[in-house]
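The structure appears below as structure tokens.
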Amino acid sequence: MGKFVCQGAMMQCTFGMTPAPLAVIDPMRPKLSSSLPVANIMDFVPMTNIPSFGMCQSMSNPSVASATAAALGVLTPMPCIPVTASPWSPGGQLKVCNFPVLLDNCKCMCTWGGQISFTFPGNALPTTEAK
């Protein structure tokens with residue numbers, strides 16, 4: 001059973017060096033009993049919903065590849081600027097503002113190859129949905 005994701009959920013990218021909180025900025029979102037807005041799969045906008053994960057270590061990221069080449073092949077992390085081009089997947093069966101609810105088992109891919117996942121959903125309320 002997955003858990004609903006809401007404002008303040010913590011995420012990690014496989015190529016990022018620090019965790020980051022999800023931002024749910026729509027004031028019209030339904031709230032959990034804790035008064036936290038519930039997220040949906042469309043909360044994937046870089047630097048709006050998904051902030052930086054500190055430093056990026058992906059060689060697919062042009063700035064990392066360039067810095068690593070300049071350092072004669074020594075991996076040189078560069079500032080993370082997420083590039084997420086598609087919604088979270090798979091999403092739950094329930095709808096929040098006409099889109100599937102975001103559950104803690106959903107993933108989002110960065111163009112640079114990183115997989116973003118949740119380390120904490122921001123609440124402790126389980127859904128009634130199966131994983």
Side-chain angles (χ1 to χ4, degrees):
M1 181 181 306
K3 293 182 180 168
F4 290 119
V5 170
C6 64
Q7 174 69 35
M10 293 303 290
M11 307 171 288
Q12 182 67 55
C13 176
T14 54
F15 286 116
M17 295 180 78
T18 60
L22 177 72
V24 181
I25 58 173
D26 183 354
M28 301 307 292
R29 292 290 173 90
K31 310 273 192 294
L32 295 175
S33 60
S34 59
S35 299
L36 298 171
V38 179
N40 68 34
I41 64 165
M42 299 307 287
D43 292 319
F44 72 95
V45 179
M47 304 308 281
T48 297
N49 304 116
I50 300 177
S52 173
F53 292 98
M55 300 295 277
C56 180
Q57 303 177 80
S58 172
M59 286 297 291
S60 296
N61 181 332
S63 64
V64 175
S66 178
T68 299
L72 303 175
V74 177
L75 178 63
T76 306
M78 293 300 288
C80 165
I81 299 172
V83 182
T84 50
S86 59
W88 292 89
S89 180
Q93 294 177 356
L94 299 176
K95 302 278 179 148
V96 172
C97 295
N98 298 318
F99 292 101
V101 67
L102 188 55
L103 301 177
D104 65 348
N105 62 340
C106 294
K107 310 286 186 221
C108 191
M109 295 301 296
C110 178
T111 298
W112 309 135
Q115 179 176 278
I116 302 167
S117 59
F118 292 100
T119 58
F120 174 68
N123 73 86
L125 296 175
T127 70
T128 57
E129 300 182 10
K131 265 192 172 177

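For the single chain, residues carry numbers from 1 onward in sequence order.
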Specify the closest pair of heavy atoms between [X] and [Y], including all atoms of both residues, with the distance to one decimal.
X: T18; Y: G54; result: OG1-N, 3.4 Å
X: P77; Y: Q57; result: CG-CG, 4.1 Å
X: P19; Y: M10; result: CB-CE, 3.9 Å
X: C6; Y: G122; result: SG-O, 3.3 Å

Honestly curious: do V45 and V83 fall in one hydrophobic cluster under the side-chain, below-4.5 Å linking rule?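 V45 and V83: separate clusters.
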Hphob cluster co-occupancy, I25 + M47, side-chain heavy atoms under 4.5 angstrom: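 As far as the 4.5 Å side-chain criterion goes, M47 and I25 are not connected within one cluster.
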Close side-chain approach of [X] and [Y], heavy atoms under 4.5 Å:
X: L75; Y: M59; answer: yes
X: V96; Y: P30; answer: yes
X: W112; Y: P82; answer: no

Hey, could you give me the [atom1]/[atom2] distance between [X] and [Y], rounded to the nearest 0.5 Å?
X: Q93; Y: L103; atom1: CD; atom2: CG; value: 9.5 Å
X: Q115; Y: Q12; atom1: CD; atom2: CD; value: 11.5 Å
X: C13; Y: M109; atom1: SG; atom2: CE; value: 8.0 Å

Take C56 and M78 through the test side chain to side chain contact (heavy atoms under 4.5 Å, CB included) and record every step on the way to the result. CA-CA 5 Å; C56 180; M78 293 300 288; 5.7 Å; no
State which residue, out of P90, P100, S89, fulfils the side-chain contact (heavy atoms from CB on, under 4.5 Å) condition with C106.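 Checked P90, P100, S89 against C106; only one passes side-chain contact (heavy atoms from CB on, under 4.5 Å): P90.
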Applying side chain to side chain donor-acceptor pair (under 3.5 Å), name anything that partners N61, two or more places apart in sequence or on another chain.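 Side chain to side chain donor-acceptor pair (under 3.5 Å) check on N61 returns S63.
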[X] side-chain N/O to [Y] backbone N/O, donor-acceptor pair under 3.5 Å:
X: S58; Y: G113; value: no
X: T68; Y: T76; value: yes
X: D43; Y: N49; value: no

Nonpolar side-chain network containing M42, other nodes, edges under 4.5 Å: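 Traced through the cluster, M42 reaches V5, M11, L22, V24, I41, F44, I50, F53, W88, F99, L102, I116, F118.
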